Amino acid sequence: MNPFVLPVLPGAPCRAPCVPTMNILVLNCGSSSAKFAVIDSASGIERLTGIAQRLGSPEASLDYSHSGQKHSQNLPGADHERGLRAAVQVMDDLGLRQSLGGVGHRVVHGGAKFAHSTRITPDVVAQVEACIHLGPLHNPPNLLGIRLAQHLLPGLPQVAVFDTAFHQTMPARAYTYPVPHQWLEQHDVRRYGFHGTSHRYVAQKAQEMLGFAAGQGCLVTAHLGNGCSATAVRDGQSVDTTMGLTPLEGLVMGTRSGSVDPALVGYVARATGQSADAVLDALNKKSGLLGLSGLSNDMRTLQEAAAQGNPRALLAIEVFCYVLAKQLAGLVVALGRLDALVFTGGIGENSAEIREKVVGLLGFLGLQLDPAANAQAVRGKAGRITASTAPQALVVPTNEERMIALDTASLVAGQ
Ligand code: AMP
């Protein structure tokens with residue numbers, strides 16, 4: 001049977017054989033916020049979602065949503081512990097705490113130590129600590145979230161789900177930088193890749209939509225949000241990705257430049273009298289769509305400005321799409337053939353205009369847009385957006401929290 005003629009099944013459940021049914025608390029602890037969700041692992045139903053934010057400031061608050069109702073509590077001056085304690089109190093009040101089967105933590109950097117999600121033990125905590133030099137901004141708050149959850153929810157199994165783990169299947173030719181080899185041996189300088197939980201989730205969904213057997217097919221997944229990365233997925237495994245040692249490499253993003261000539265750092269530092277660190281900071285926080293347009297890092301704002309003829313917004317969108325198409329085509333080299341290109345993330349799921357431009361630039365691969373289908377696949381709707389049957393382009397809304405809940409439930413159940 002030709003898998004390309006099978007209908008796309010919008011909203012088909014994630015293929016997860018024998019997923020144990022339990023409520024999982026998914027926790028994503030950042031430097032000044034802690035996002036949380038209580039998710040039924042089998043159905044994916046979100047029983048509670050919320051965020052403790054602006055932690056450490058007078059404006060700290062807990063905002064959450066339950067049964068379609070939004071609630072907010074002011075927590076002036078609250079730190080992470082007070083914010084999470086308040087979240088646990090909400091779970092208590094709603095009778096959800098007793099139903100929890102485990103806690104799944106998003107952990108950004110697992111280095112080369114973690115190729116899979118894992119039950120958290122003292123040894124795992126020590127290994128995540130040993131990756132702090134690779135993820136200095138993210139791993140410390142992730143570890144704080146683990147410690148607080150262990151303290152506030154004693155006895156519950158805890159699981160770490162890493163942004164980097166999915167990319168540990170990349171071959172050496174894809175992860176090794178052409179730099180002095182002792183940088184790798186002594187300082188772990190190599191490509192790791194990020195957004196792995198999202199790429200893994202949408203690749204699984206795309207396989208279902210295409211009617212492929214589990215873990216089959218040659219896909220390029222494009223996660224386009226404020227951060228952007230793309231991954232070549234062959235038979236369910238990441239074989240190359242655009243982000244590298246840090247999330248700065250690769251595609252043009254909201255405020256990150258993506259790949260630029262590394263000599264630019266020293267040149268701009270000398271030309272402007274800034275330190276190399278200040279230039280790197282600007283490449284992370286003042287570049288990308290924001291730097292190109294001088295207006296905003298938000299694609300919606302740029303599309304509106306471009307429609308009014310703003311030349312910098314037009315240029316920003318053009319550079320974004322051109323660099324994206326060029327790197328997507330490059331990833332096909334890692335696969336040898338393309339079955340489907342998958343769009344996800346805020347821009348990938350909602351901007352029919354960006355998808356149209358990118359698919360247009362990739363027409364030489366055989367992709368041919370279906371404009372009506374493309375216009376319809378917005379606001380959380382999955383679907384095929386090409387008239388071509390091989391390769392296809394799909395829109396697949398991502399759901400990293402669901403993936404974390406699935407991994408956690410499977411590990412808790414001992415699978
Ligand atoms: P994320 O980081 O995944 O939340 O994605 C944020 C990005 O998605 C921002 O650049 C938003 O402007 C963009 N985005 C969200 N909705 C739309 C839309 N309807 N059209 C274009 N871009 C959108």
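What you see is a predicted model, and the numbers here were worked out from it, not measured in a lab. Whatever order the structure lists them in is the order used to number ligands and atoms, beginning at 1. The basis for the numbers below is simple: all heavy atoms, side chains too, and nothing from hydrogens, waters or symmetry mates.
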TODO: Nearest 0.5 Å please: distance from the CG atom of Leu251 over to the CE atom of Met243.
DONE: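 Reported value, rounded in 0.5 Å steps: 7.5 Å.
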Task: Distance (rounded to the nearest 0.5 Å) between Leu324 CG and Phe343 CZ - done: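 That separation rounds to 6.5 Å.
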Open item on the list: Between Lys70 and Asp63 (salt bridge meaning N to carboxylate O under 4.0 Å), is one present in this structure?
Closed with: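 Result for this pair is no, no salt bridge flagged.
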Open item on the list: Any donor-acceptor pair under 3.5 Å linking the side-chain atoms of Asn350 with those of Arg379?
Closed with: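 No, no side-chain donor-acceptor contact under 3.5 Å.
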Open item on the list: Less than 3.5 Å apart, any donor N or O on the side chain of Ser229 or His199 sitting next to an acceptor on the other?
Closed with: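 Note: Ser229 and His199 side chains meet the donor-acceptor criterion.
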Provide, line by line, the atom pairs where ligand 1 and the protein bring an N/O atom each to a distance under 3.5 Å; else say none.
from: ligand 1; atom 1: 2 (O); to: Asn226; atom 2: N; distance (Å): 2.9
from: ligand 1; atom 1: 3 (O); to: Gly346; atom 2: N; distance (Å): 2.9
from: ligand 1; atom 1: 8 (O); to: Ile347; atom 2: N; distance (Å): 3.3
from: ligand 1; atom 1: 10 (O); to: Met299; atom 2: N; distance (Å): 3.1
from: ligand 1; atom 1: 12 (O); to: Asp298; atom 2: OD1; distance (Å): 2.4
from: ligand 1; atom 1: 12 (O); to: Met299; atom 2: N; distance (Å): 3.0
from: ligand 1; atom 1: 12 (O); to: Arg300; atom 2: N; distance (Å): 3.2
from: ligand 1; atom 1: 12 (O); to: Arg300; atom 2: NE; distance (Å): 3.4

- [ ] Mind checking salt bridge (Lys or Arg N to Asp or Glu O under 4.0 Å) for Arg190 and listing every partner two or more places apart, or none if nothing turns up?
- [x]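 Checked Arg190 against salt bridge (Lys or Arg N to Asp or Glu O under 4.0 Å); zero matches.
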